[in-house]
S.K.: 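One structure is given below, represented as structure tokens, and several questions about it will come after.
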Amino acid sequence: MSKKLKNVKAVREMIAGTHKTQTKTNISFGEKKTFVKREVGEKWTDDDGVLWEQKKGYKVKLGKLSKLRNELTKFPNCKKEICTCTNPKRNDIKMKTIHGMCFDCVIDMEHQHKVDGTYKEYEREKIYANMKSWLKGAEIEKEALKTALKAKFVNEDGSIEEWNEMSWEDVEKKIDNEFRLFKENYLKKWEDKK
Ligand SMILES: [Zn+2]
């Protein structure tokens, strides 16, 4: 389009009120002294890299974005000299909860174990840690089961009913005992494989 035609087009748009300077509603990032209406909960960064959040009727300073990002991407067990993880992905976050390291550093660490001949031991420890965390979950479920069962023993007046000639205390003892045995066997299997 020639310059002249462009100007004609601009003038036409101006008259119609559709020129971009007339319809612009979103103030773009970086333009100062312009009031931008924010929704409650909206977060934005100003020109100085400071992150803000809009609350009901006021805004709060969340801090420098770079600093916040650093917090999020802190991997306490990564080797500072070799770690290059500056933009963590899902894999890195997953490894962070297990090892406190980014994915690459875990690979490196496991490789080092292989080189040192300590990989088997490392793997065993890892499996053991998994087993223990699984048992912890099972224990919570057991307690939930007990609570649910106990409710069936309680009469409307609050007294506790006997059930199949077993008292609630007997049932509770039985559940705890069974679980303890299960737990011991479960861990013993692992011990035996040493
Ligand atoms: Zn790392």
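Whatever order the structure lists them in is the order used to number ligands and atoms, beginning at 1. Excluded from the calculations below are hydrogen atoms, water molecules and symmetry mates; all remaining heavy atoms, backbone and side chain alike, are included.
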S.K.: Side chains of N130 and S133: any donor to acceptor distance under 3.5 Å?
M.R.: no
S.K.: For Y186 and F182, take the angle between the two ring planes, folded into 0 to 90°, and tell me which bin it lands in: parallel under 30, tilted 30 to 60, perpendicular over 60.
M.R.: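 Ring orientation, 0 to 90° scale: parallel.
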S.K.: Would you say that more than 12 heavy atoms from the other residues, nucleotides or ligands in this model lie under 6.0 Å from the CD of E156, or not?
M.R.: no
S.K.: Go around the Zn ion (ligand 1) and count every protein N, O or S atom nearer than 2.8 Å.
M.R.: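 Atoms of protein N, O or S type lying less than 2.8 Å from the Zn ion (ligand 1) total 4.
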S.K.: How close do F103 and M95 get, heavy atom to heavy atom, and via which atoms?
M.R.: CD1-CG, 3.7 Å
S.K.: Take atom NZ in K56; do more than 12 heavy atoms of anything else shown fall under 6.0 Å from it?
M.R.: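 Incorrect, the count does not exceed 12.
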S.K.: Side chains of D116 and Q112 only: does a donor on one sit below 3.5 Å from an acceptor on the other?
M.R.: yes
